[in-house]
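Worksheet: the structure to be examined is printed underneath.
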Protein chains: 2
Amino acid sequence: MFSNSTKYAIKATLYLAVNSSENEKVVISDIAKPINVPKAYIAKILQALSKKNLISSTKGPKGGFYISEENKQVKIAEIVNAIDGETRINSCLLSLKECDSGNPCSLHHLVYKEKQLIIERLGSTSLEELAKHIKSGKSVLPL
Amino acid sequence: MFSNSTKYAIKATLYLAVNSSENEKVVISDIAKPINVPKAYIAKILQALSKKNLISSTKGPKGGFYISEENKQVKIAEIVNAIDGETRINSCLLSLKECDSGNPCSLHHLVYKEKQLIIERLGSTSLEELAKHIKSGKSVLPL
DNA sequence: AATAAAATATGATAAAAATCATATTTAAGA
DNA sequence: TCTTAAATATGATTTTTATCATATTTTATT
Ligand code: FES
Ligand code: FES
């Protein structure tokens, strides 16, 4: 469903949503370890997210990555699309050019409705919501 | 969701379900072309399926691949598991060791129920059913 | 101004997945 | 029994994805 990079992106972003703010920036090494992703790899991913303004960063001493007030409203789907692009998640299970109920592949009716529901949820769920969920112990941020 | 190989496996198997029987065997070249998959590649996949008795084959002249009466009851999930293994489709979106509602990752509640429903459907839908669907024009076998 | 601590940009390497190729085995038909 | 048409087994190559490394830029602190 997601590429490895996107999984890492989500994990890292959630980590930031839980553990950072404009005046509690987090340095790459301190993100990489708890989410169990190689430092150089997660660095690249965070740079891409930062470039698209989905997370925030500042260079230099006392710098680091963080989730600004605005970033809190970023939706999971935005993270996914930033890394995987929009095509991957929306494409037909059997590789028709497009997944279209007017010209459905043989598996379409088995999955489309539920898949759309999931995609909608990813599009409406913000980092802030999930961070609250994690903080209250209802879900766990995996390593 | 599925690997490329699994997609091809499903396409090829459905093609056979629609176009073959014990006395209408189909040769590799005649499968590869309509489903738009390289011959040598689909050959390898069909061989794997045949070895697991999900499809049938005979060697030599007049030989080829086909779907036997028994094979008609094969479920889509069996094809998927034969190629991708059982782990891939069942694994946690964020790579927890296992996807478990008792120890859910942050995305679990957004997807689990629907994902399970889809997996169940793949497990209960047979080649025969989908072949009928295709024959009646309700869905299309993609190239 | 100099230093150092951070992200950023860029590219190199390694691992996995997808694709291609070919020699071997089997069985039908002449 | 010989030839030929098919699957089967095995392995090589290519492409993609994941991972690692490093030089550059920016900015806070001294
Ligand atoms: S057309 Fe294939 S999943 Fe929708
Ligand atoms: S625990 Fe992650 S999807 Fe279920």
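Here the structure is a predicted model, which means the values were calculated and not measured.
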Please give, in whole Å, the distance from [N] [atom2] to [X] [atom1]?
X: Tyr41(A); N: dT22(D); atom1: OH; atom2: P; result: 19 Å
X: Asn36(A); N: dA18(D); atom1: CG; atom2: P; result: 16 Å
X: Lys39(B); N: dA5(D); atom1: NZ; atom2: P; result: 12 Å
X: Tyr8(A); N: dT17(D); atom1: OH; atom2: C1'; result: 11 Å

Give the ring-plane orientation class for His109(B) versus His133(A), where under 30° counts as parallel, over 60° as perpendicular and anything between as tilted.
-> parallel
Counting only non-hydrogen atoms, which of residues 15-32 of chain B are less than 4.0 Å from DNA chain C?
-> none
Can you sort out which residues in residues 43-66 of chain B have a heavy atom within less than 4.0 Å of DNA chain C? Ascending by number, please.
-> Lys44(B), Lys59(B), Gly60(B), Pro61(B), Lys62(B)
Nearest-0.5 Å distance, [atom1] of residue [X] to [atom2] of residue [Y]:
X: Ile45(B); Y: Thr6(B); atom1: CD1; atom2: OG1; value: 8.0 Å
X: Leu141(A); Y: Ser106(B); atom1: CG; atom2: OG; value: 5.0 Å
X: Ile118(A); Y: Lys113(B); atom1: CD1; atom2: NZ; value: 12.0 Å
X: Met1(B); Y: Asp84(B); atom1: CE; atom2: CG; value: 10.5 Å
X: Leu117(B); Y: Leu117(A); atom1: CG; atom2: CG; value: 10.5 Å
X: Asn71(B); Y: Glu22(B); atom1: CG; atom2: CD; value: 9.5 Å

Can you tell which of dC20(C), dA18(C), dC20(D) lies closest to the side chain of Pro38(B)?
-> dC20(C)
On a heavy-atom basis, the closest approach of Ile35(A) and Tyr8(A) is CD1-O, 4.3 Å
Glu86(B) CD: over 12 foreign heavy atoms closer than 6.0 Å = no
Looking only at side-chain N and O atoms, does Ser3(B) come under 4.0 Å of OP1 or OP2 in dA17(C)?
-> no
Does Glu129(A) pair with Lys132(A) as a salt bridge, N-O distance under 4.0 Å?
-> no
Would Tyr66(B) and Thr58(B) count as a side chain to side chain donor-acceptor pair (under 3.5 Å) if you check the C-alpha gap in whole Å, the side-chain angles of each, and the deciding distance to 0.1 Å?
-> CA-CA 9 Å; Tyr66(B) 64 99; Thr58(B) 57; 5.9 Å; no
Axis-to-axis angle across the helix from dA1(C)-dT30(D) to dA30(C)-dT1(D), five pairs each end, nearest 10 degrees, ~ 0°
